[in-house]
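Notes follow the structure.
Computation of the quantities below employed the complete heavy-atom set of this structure, encompassing side-chain atoms and omitting hydrogens, waters and symmetry-equivalent molecules. Residue numbering restarts at 1 for every chain, and letters A, B, ... go by the order of the sequence lines.
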Amino acid sequence: MRRYNPTEIEPKWQQIWADDTRYQSKDFDARPKYYVTGMFPYPSGAGMHIGHFFEHSIVDAVARFRRALGHNVVYPMGWDSFGLPAENYAIKTGTAPAVVTKQNIANFKNQLTRVGASIDWSREINTTDPEYYKWTQWVFTQMFERGLAYQKESLQWWCPVDKTVLANEQVEAGRCWRCGTEVEKKSMKQWFFKITEYADELLEEIPNLNWPEKIKTAQANWIGRSQGAEIDFAIDGSDDTITVFSTRPDTLFGASFLVLAPEHPLARKLATDEMRESVHSYIDEAVKKSEIERQSEGKEKTGVWTGSYAINPVNSEQAPIWVADYVLGGYGTGAVMGVPAHDERDFAFAQKFELPVVRVVVQDFGSILPDSVNVTGPVVIGYDPNTKEFMSLRNKNVNDRRWLVAGGLNEGESYEEAARRELKEEAGFSDIVKLISLGEPTNSYYYNSNKNSNRRSHSFTFLAILDKDLQGEQQQESNENYEVVWGSSADIEEDFIKEKNTSTEDGISHWIEAIQRARQAAEAYDANETYKPNIYSGEGSLINSGVFDGMSSSEAREEIVAWLEQQAVGRSKVTYKMRDWLISRQRYWGAPIPVIHCDEHGAVPVPTQDLPVVLPEIEDYAPKGDGKSALARQTDWVNTTCPTCGKPAQRETDTMDGYACSSWYLLRYTDPHNDEQAWDPKKADYWSPVDMYVGGDHAVAHLLYVRFWNHVFYDLGLVPVKEPVKQLVYHGLIQAEDGTKMSKSKGNVVDPLEVIDAGYGADALRTFELFLGPINENSSWSSKGIAGVYRFLNRLWTLVQEYDESDKSGVIDAKKLESLTHQTIKKVTGDVNRLSFNTAIAGLMEHVNELYKLKTNGFTPEWQVPLEALVQLVQPFAPHMAAELWQQLGHDTQLDFVEWPTWDDAKIASDAMTIIVQVNGKLRAKLEVASDASDDDIKQAALADAHVQQFVGDKKPTKVIYVPGRLVSIVV
RNA sequence: GCGCGGAUGGUGGAAUUGGUAGACACGAGAGACUUAAAAUCUCUUGCCGUAAAAGGCGUGCGGGUUCGAUUCCCGCUCUGCGCACCA
């Protein structure tokens with residue numbers, strides 16, 4: 001018998017695959033195309049790790065599955081090889097980055113071969129190859145001509161160690177994403193791509209993407225579209241105006257101050273003589289501060305008054321103008337209106353600097369009813385700190401405790417006075433230790449049948465600290481109807497929630513809110529703290545807002561903006577969080593930005609026929625901290641002539657962000673060797689979009705840029721669809737055995753080649769990585785676990801060997817064998833389709849276990865077909881073994897293109913089925929019945945079952961439910 | 001703080017539309033083979049209970065809907081990730 005020896009068969013098949021062209025995809029083939037790949041890696045010196053292998057296990061399983069389904073599969077591969085590690089290595093050692101890169105690529109490629117990935121190497125690309133970056137540069141010139149690439153002097157994040165500018169996406173918590181150094185701000189002239197022009201389009205397409213929700217929301221948040229309004233505030237005694245951006249123009253009447261970002265152009269100018277010095281020094285400090293310093297100060301607000309006032313356009317009231325760094329210069333207009341009553345940040349600021357708080361929105365409970373008459377008054381909840389009990393009222397007529405002390409405001413009475421009065425009348429308490437206001441007022445809506453009108457009950461809620469033993473007489477009417485009861489807040493709340501679940505009156509949540517606030521206030525009282533009510537920043541009804549009073553905030557938003565527009569002091573406005581994409585890098589190892597600076601013609605793009613602008617070979621790669629790349633010192637290279645006028649001119653010395661190179665590589669795969677154009681649109685037509693793109697990194701940056709470029713290409717007529725990636729698969733990480741992240745420094749990295757060479761082989765490694773769990777979740781490596789998968793492969797191997805060597809004269813239950821096989825084909829096919837590889841493999845294991853039971857009666861010739869199917873099913877996971885066994889089963893065809901097995905439901909079905917019987921929802925019996933038994937017969941059989949009878953007994957079943965093919969549920 | 005996920009045996013995980021919770025695997029235990037070990041094969045394995053059954057309890061916690069809930073609804077707790085003073 002041949003032993004399973006992956007170290008022998010795997011290299012053999014890898015050689016066969018490398019020697020023929022079976023994995024080379026054909027353009028314009030009549031079969032349906034399937035384009036699948038993983039995110040191309042940066043070829044680091046460390047080699048591929050277990051995560052790369054995981055990614056390719058997924059891609060390769062899908063590629064092999066699709067090939068067997070009859071698709072023209074392309075599984076291309078390439079190298080994202082521009083980047084800092086190679087350059088830093090070059091600075092240290094003087095070795096040209098191109099040399100190191102070449103070595104690393106060879107290493108990666110060898111590793112990929114050793115997993116048995118069915119890659120079409122004829123399409124291999126490399127971003128550092130001039131043949132490739134020629135077209136990256138060409139895309140830049142296209143962008144430039146459409147006004148989508150532009151140069152701008154701006155303050156930029158600067159990493160003092162890597163000596164380069166960083167994009168917003170490359171700054172993580174105020175630190176450089178590469179080296180972790182605190183970043184600084186530096187003003188420089190930089191190149192940008194105008195991604196903001198596509199913000200709306202990119203956002204609109206998100207819902208149509210078959211991508212993980214997580215990524216889609218991350219992208220939507222990143223784009224950060226805000227619908228709002230710009231509002232112009234005149235400045236008292238000046239011709240300047242300040243325009244603020246707000247998503248809540250409905251709160252305009254509550255704007256009691258304005259705040260400018262330190263970077264705001266008017267910030268210094270508006271400082272009055274007395275305030276000039278403090279304003280200027282505040283701004284100087286703020287601008288100097290790094291992001292990390294601003295953040296480390298937490299939420300503590302700082303700021304300074306300019307001494308000037310703005311005029312609120314709706315009510316002509318004066319609003320002091322402040323400068324504070326909690327307002328961001330780069331977002332909106334760099335100025336906001338302070339509405340402390342309805343914005344937490346403004347509230348904190350107002351508290352600190354004692355600015356007025358004007359409440360203009362009241363929270364509504366229940367749906368707003370038309371023509372509501374306002375009734376106002378307090379709601380009071382009693383609390384006895386000695387017993388920690390809360391007081392409510394029990395309604396004697398309906399016998400529930402979901403009533404609180406509440407009432408209307410008498411003429412001239414304050415809420416607090418009314419609260420005390422009601423507490424005495426309704427509950428009999430006149431000694432109140434303390435009356436605590438529970439913050440923001442609320443509205444609740446109801447219909448008053450006595451008065452035949454809708455009511456809006458506008459109430460303030462109070463917590464009354466009481467001693468429950470000091471209860472006096474209730475007023476007679478109250479006494480007749482209500483009894484004072486005490487209990488935990490949860491008890492009371494429960495009664496209200498019960499009511500809420502059964503009642504149609506949605507205003508009930510108003511009372512629940514009151515109780516929750518009361519509980520918080522009581523906890524604060526017990527802890528001897530002051531209760532700090534939350535400010536209300538949600539939707540509601542307007543108050544203190546002139547003619548807009550009573551409107552819902554959503555309605556008022558429109559009405560107020562309409563009014564502002566009519567007065568020409570405001571306008572509806574959409575703002576995005578996303579900024580333009582900064583692509584300039586002051587580094588050597590990148591694609592040179594193809595621009596020539598001419599004194600006369602400014603920035604001129606290099607004409608297509610002069611591309612590529614090739615990176616010159618140099619001696620010293622190190623940047624000198626002057627904000628320029630090493631290229632700037634290559635005067636021979638820098639000095640050139642203007643393409644427009646031919647006069648002396650200089651080359652741009654910045655290189656492009658690596659993300660630019662990776663933003664179009666998926667298209668280059670469709671036509672990788674074209675030296676006439678970036679790709680032939682006909683080929684892109686055939687292959688686009690990518691059917692499945694697999695990765696586990698870059699939720700926003702890369703995946704947004706790829707989309708952005710493809711949208712641009714679509715507008716240029718170069719691609720057939722707007723969206724480049726149909727389905728995105730985002731896999732989790734494989735962590736170390738202890739559940740922590742694998743890292744070189746921790747020394748817990750599992751080397752995939754070591755696992756293969758230890759004798760487990762690539763098939764076991766691939767299969768195990770897919771068996772660990774759902775691919776979109778993180779999982780942990782397990783050295784024991786891979787042994788289990790190896791055992792399974794070994795059992796499968798042995799099964800075929802035994803069949804091969806047997807005289808095939810056994811006894812066999814052919815029907816069982818067939819049914820099992822079809823069942824497994826169905827399961828594995830379905831599971832692989834939905835990328836549930838772990839359950840597909842489990843199904844295969846189960847199948848092999850069953851076959852082991854069947855083989856105890858020996859083999860027969862009928863085993864041939866089921867074994868062939870099994871080998872086919874295992875092929876996406878363990879292709880080497882599958883190829884070997886396929887051959888051993890007597891085939892000289894390429895298994896890759898043998899049609900995937902199909903199943904027949906009729907062959908899965910058996911004559912008998914198991915019906916479970918439940919009595920009152922509990923499992924009591926299992927019945928074996930004929931598949932064609934009638935519903936009534938099954939019900940009768942269920943009732944007749946002795947065990948079921950034990951539970952039914954003399955009681956008469958009130959209901960017998962039969963779910964066909966599944967269960968009988970009896971209710972007694 | 002906001003957004004998006006997740007919580008199931010000793011462990012990783014399964015249950016695709018509300019219908020036998022714990023597939024499959026690891027670990028553990030027992031047996032067969034062996035002089036012995038490894039490998040291999042077979043069996044047991046959620047908890048309580050029992051000689052064995054019967055029975056009871058069980059999918060983070062508290063409620064609800066339903067004949068029936070891991071699955072749906074309401075309210076919490078913990079946890080992972082993303083964004084984070086974005087007005």
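Judged by distance alone, with hydrogens and angles left aside, the side-chain atoms of A:Asn221 form no donor-acceptor pair with the main-chain N or O of A:Gly224 at under 3.5 Å. Of the possible donor and acceptor atoms, none in the side chain of A:Asn776 sits under 3.5 Å from a partner among the backbone N and O of A:His731. Without hydrogens or angle criteria, A:Tyr760 side chain to A:Asp763 main chain gives no donor-acceptor distance under 3.5 Å.
Taking atom P on both nucleotides, B:C47 is separated from B:C67 by 34 Å, rounded to a whole Å. When the P atom is used for both B:U8 and B:C4, the distance is 22 Å, rounded to whole Å. Atom C1' of B:U71 sits at a distance of 16 Å from the matching atom of B:G60, rounded to the whole Å. Taking the P atoms as reference points, B:A28 lies 26 Å from B:U35, given to the whole Å. Comparing the C1' positions of B:A69 and B:A30 gives an interatomic distance of 38 Å, to the nearest angstrom.
Residue contacts shown for A:Leu772 are limited to sugar-phosphate atoms, with no base heavy atom under 4.0 Å away. Counting non-hydrogen atoms under 4.0 angstrom, A:Val336 reaches a base of the nucleic acid. Within the nucleic acid shown, A:Lys922 comes within 4.0 Å of sugar-phosphate atoms alone, with no base atom in reach, counting heavy atoms only. Residue A:Asp831 is classed as a base contact, given a heavy-atom separation below 4.0 Å to a base. Residue-level contact check: A:Phe771 touches the bases, meaning some heavy atom is under 4.0 Å from a base atom. Nucleic acid contact class of A:Ser779 (heavy atoms, under 4.0 Å, all strands): none. If you check every strand for non-hydrogen atoms under 4.0 Å, A:Arg834 touches a base. In this structure, A:His342 reaches neither bases nor backbone, as no heavy-atom distance under 4.0 Å exists between it and the strands shown. A:Ser226 comes within 4.0 angstrom of the backbone, heavy atoms only, and of no base. Across all strands shown, A:Lys784 has heavy atoms under 4.0 Å from sugar-phosphate atoms exclusively, and none from any base. Using a 4.0 Å heavy-atom distance criterion, A:Arg225 is classed as making no nucleic acid contact. At a threshold of 4.0 angstrom between heavy atoms, the contacts of A:Ser782 with the nucleic acid are absent. Using a 4.0 Å heavy-atom criterion, one finds that A:Phe951 contacts the sugar-phosphate atoms exclusively. Residue-level contact check: A:Gly224 touches neither bases nor backbone, having no heavy atom under 4.0 Å from any strand.
One interatomic measurement links the two molecules: CG of A:Asn221 to P of B:C85, which rounds to 13 Å at whole-angstrom precision. Rounded to a whole Å, the CZ atom of A:Arg2 is 19 Å from the C1' atom of B:U40. Between A:Tyr852 atom OH and B:C43 atom P the separation is 13 Å, expressed in whole Å. Going from atom CZ of A:Phe792 over to atom P of B:C41 covers 13 Å, rounded to whole Å. Regarding A:Leu923, its CG atom lies at a distance of 15 Å from the P atom of B:G19, rounded to whole Å.
Taking the six-membered ring where tryptophan is involved, the planes of A:Phe349 and A:Tyr326 are tilted, since the angle between them lies from 30° to 60°.
Both A:Asn778 and A:Lys959 lie close to RNA chain B; mapped to their nearest nucleotides by heavy-atom distance, the more 5′-ward contact belongs to A:Asn778. Nearer the 5' end of RNA chain B, as judged by each residue's closest nucleotide, is the contact made by A:Gly788, out of A:Gly788 and A:Arg248.
With hydrogens and angles ignored, a donor-acceptor pair closer than 3.5 Å exists between the side chain of A:Gln918 and the base of B:G19. At a cut-off of 3.5 angstrom, the base of B:C4 holds no donor-acceptor pair with the side chain of A:Thr217. Checked by distance alone, A:Lys577 brings no side-chain donor or acceptor within 3.5 Å of a matching partner on the base of B:C83.
Taking every side-chain heavy atom of A:Thr247 into account, B:A87 is the closest of B:U16, B:A87, B:C4. For A:Lys853, the listed nucleotide lying nearest its side chain is B:C43; candidates were B:C43, B:C85, B:G19. Here the nucleotide nearest the side chain of A:Pro774, chosen from B:G19, B:G13, B:A15, is B:G13. Checked against B:C24, B:U20, B:C26, the side chain of A:Glu846 finds its nearest nucleotide in B:C24.
Using a cut-off of 4.0 Å between Lys/Arg side-chain N and Asp/Glu carboxylate O, A:Lys855 and A:Glu850 are scored as not salt-bridged.
Counting non-hydrogen atoms of other residues, nucleotides and ligands closer than 6.0 Å to CZ of A:Arg3 gives a total of 12 or fewer.
Between A:Arg795 and the phosphate of B:U42, there is a side-chain N or O to OP1/OP2 separation shorter than 4.0 Å.
Not less than 6.0 angstrom separates the ring centroid of A:Phe353 from the ring centroid of A:Phe257.
Of the inter-residue distances, the one linking A:Asp250 atom CG with A:Ser553 atom OG reads 5.0 Å to the nearest 0.5 angstrom.
Annotated as anti: B:G22, whose O4'-C1'-N torsion sits more than 90° from 0.
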